[in-house]
Amino acid sequence: MERDDIIEYSLNTHHSEEDGRKIRKKIWQVTALLTLITAVEIFVGVKFPRYAVSDTTWLMIKFFYTILTIIKAGYIVLVFMHLGDERKNLRWAILAPYGLFILYLIFICLTEGTFVNFSWTNFL
Amino acid sequence: MSAHASHPVDASSLWGGKESPFSVSYGKLMMWFFLVSDALTFGGLLTAYGFARHAYTGEWPASDHVFTHLPFTHAHAPLIYVALMTFILIVSSVTMVLAVEAGHRMDKKGVIKWLGLTVVGGAIFVGSQAWEWYTFLAGPDGDFWNFGPAGDNSTLWYNSLATLRDADGVAILNEHGHEQVGADGPQQYAMFFFFITGFHGFHVFSGVIINIVVLIQVIQGIYHKRGHYEMVEKAGLYWHFVDLVWVFVFTFFYLL
């Protein structure tokens, strides 16, 4: 008996030779960019270790690393995982809930951690 | 990459069944949902690490000098080995995306080549991490098996990841010119380090296994007969996710 309630299909699983060339070019460009960003991170990491710089410089370096990391992550998710090419509703169904949760989690954990540190330093 | 873009869905039939409103297949959508949940697990672990670090009142190990060794040399090379590992993982992610691209053109040989290289890259990464862990656990005297209550490495298991420094904060070098680990670093640091890099390493390991299984099926021609290589794409999503997690682990453990 043939069942008609199971839909077996796949979408957008093919492209032409010409599209392939364009896609490969983009892939190599992104590869170069990711490598470059990693190299910059390593350079800064070797040149400016934590104990050799002032607190202000370190704070700036921290932001610098964080921004570079998010750029790298963005390229991996949007280009390598093709999320940037999916429908808008799928893109936001994945990014929005996760972004919301993780931002809250980061905020609450770091705030609490800082306060615990403050308490141990001052009241113990 | 317009070729990957979704194909048009008639809005009037969108919720009437038979057609995915997301314009992706069931398997791919479920892979995305799994990856979101897995990302929450890693996000939770890394924010917990952030909590511990902010709460800790003593000196935290300097991240960029956590691992300063290179295989076959006595060189003092902070970050270089980890940078190589990162590069290998990024490249294996690239070969994976090239395998997916070849699959879209029904190029079986191309898929085999790129997917094979991805497996090799993943295996090298896992091996590199094994060497890194070995070096950590062996400690300054280099004797991996000399631990436990009787051995002089007994505290190295969890205490070893801080660089030994003199009063001015300058690292004390051993006779090979290496920085030495073994100052009393916070145990918490080592616990988070081994747990999170270990959890990630296990993901890489399982990713390699999945890729090998998919590779065997590609070679058998199963996907070619099916008419599309979507399974490579799904395995690829998982593999890219593993690379994505490493980007964050690398930043938080080796840079910040």
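Numbered from 1 within each chain, the chains take letters A, B, ... in sequence-line order. Computed from heavy atoms alone, side chains included, the values below leave out hydrogens, waters and symmetry copies.
Using modelled atom types and a 3.5 Å distance limit, the side chains of H104(B) and H15(A) yield a donor-acceptor pair.
Checked for salt-bridge contact, K28(B) and E86(A) meet the test: a charged N lies under 4.0 Å from a carboxylate O.
Interface remark: I76(A) contributes side-chain atoms only to the contact with chain B (heavy atom separation under 4.5 Å). Contact of T86(B) with chain A is made through the side chain alone, with heavy-atom distances under 4.5 Å. For L35(B), the part lying near chain A is the side chain, with the backbone staying farther off; criterion is any non-hydrogen pair under 4.5 Å. Heavy atoms closer than 4.5 Å to chain B are found in the side chain of A93(A), but not in its backbone. Proximity to chain A is absent for every atom of F252(B), based on heavy atoms less than 4.5 angstrom apart. Contact of M96(B) with chain A is not made at all, since no heavy-atom distance falls under 4.5 Å.
From F64(A), atom CZ reaches atom CG of L255(B) across 10.5 Å, with rounding to the nearest 0.5 Å. Atom-to-atom distance recorded for F250(B):CZ and Y65(A):OH is 8.0 Å, nearest 0.5 angstrom. Put simply, CG on D243(B) and CZ on F80(A) are 7.5 Å apart, with the number rounded to the nearest 0.5 Å. The distance from atom CZ of F248(B) to atom NZ of K72(A), rounded to the nearest 0.5 Å, is 9.5 Å. To the nearest 0.5 Å, atoms CD (E101(B)) and CD1 (I23(A)) are separated by 5.5 Å. Distance OG/S37(B) to OH/Y98(A): 10.5 Å, rounded to 0.5 Å.
The shortest distance between side-chain heavy atoms of L83(A) and W32(B) falls below 4.5 Å. The closest side-chain heavy-atom distance from F107(A) to T47(B) is not below 4.5 Å. You'll find the side chain of H14(A) stays beyond 4.5 Å of the side chain of R105(B), heavy atoms only. Between V94(B) and L34(A), every side-chain heavy-atom pair lies at or beyond the 4.5 Å cut-off. With contacts defined as side-chain heavy-atom distances shorter than 4.5 Å, the pair T57(B)/F118(A) does not qualify. Considering only heavy atoms from C-beta on, I90(B) comes within 4.5 Å of T38(A) through its side chain. You'll find the side chain of F51(B) stays beyond 4.5 Å of the side chain of L110(A), heavy atoms only.
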For this session: Output, in order, the C-alpha distance, side-chain angles, deciding distance and verdict of side-chain contact (heavy atoms from CB on, under 4.5 Å) for H54(B) and V116(A).
Result: CA-CA 8 Å; H54(B) 276 247; V116(A) 168; over 6 Å; no
For this session: Evaluate side-chain contact (heavy atoms from CB on, under 4.5 Å) for W28(A) paired with L98(B), printing each intermediate quantity in order.
Result: CA-CA 10 Å; W28(A) 288 118; L98(B) 287 169; 3.5 Å; yes
Problem set entry | Residue pair T251(B), T66(A): steps toward the side-chain contact (heavy atoms from CB on, under 4.5 Å) verdict | CA-CA 8 Å; T251(B) 302; T66(A) 311; 5.6 Å; no
For this session: Determine, stepwise, if the pair H82(A) / V97(B) fulfils side-chain contact (heavy atoms from CB on, under 4.5 Å).
Result: CA-CA 9 Å; H82(A) 299 307; V97(B) 84; 4.1 Å; yes
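The candidate with the highest count of non-hydrogen atom pairs below 4.5 Å against chain A, out of A39(B), G27(B), G236(B), is A39(B). Options G227(B), G43(B), A55(B) differ in how many heavy-atom pairs under 4.5 Å they form with chain A, and the most are formed by A55(B). The greatest number of non-hydrogen atom pairs below 4.5 Å with chain A, out of D107(B), V245(B), V247(B), is found for V247(B).
F199(B) CZ: more than 12 foreign heavy atoms inside a 6.0 Å radius. Enclosure of atom CE in M30(B) by more than 12 non-hydrogen atoms of other residues, nucleotides or ligands within 6.0 angstrom is indicated. In F192(B), the CZ atom is crowded: over 12 heavy atoms of neighbouring residues, nucleotides or ligands sit closer than 6.0 Å.
The minimum heavy-atom distance between L90(A) and L29(B), with the atom names listed, is CD1-CD1, 3.5 Å.
The closest donor-acceptor contact from the side chain of Y56(B) to the backbone of N117(A) lies at 3.5 Å or more, if one exists at all. Of the possible donor and acceptor atoms, none in the side chain of N89(A) sits under 3.5 Å from a partner among the backbone N and O of F22(B).
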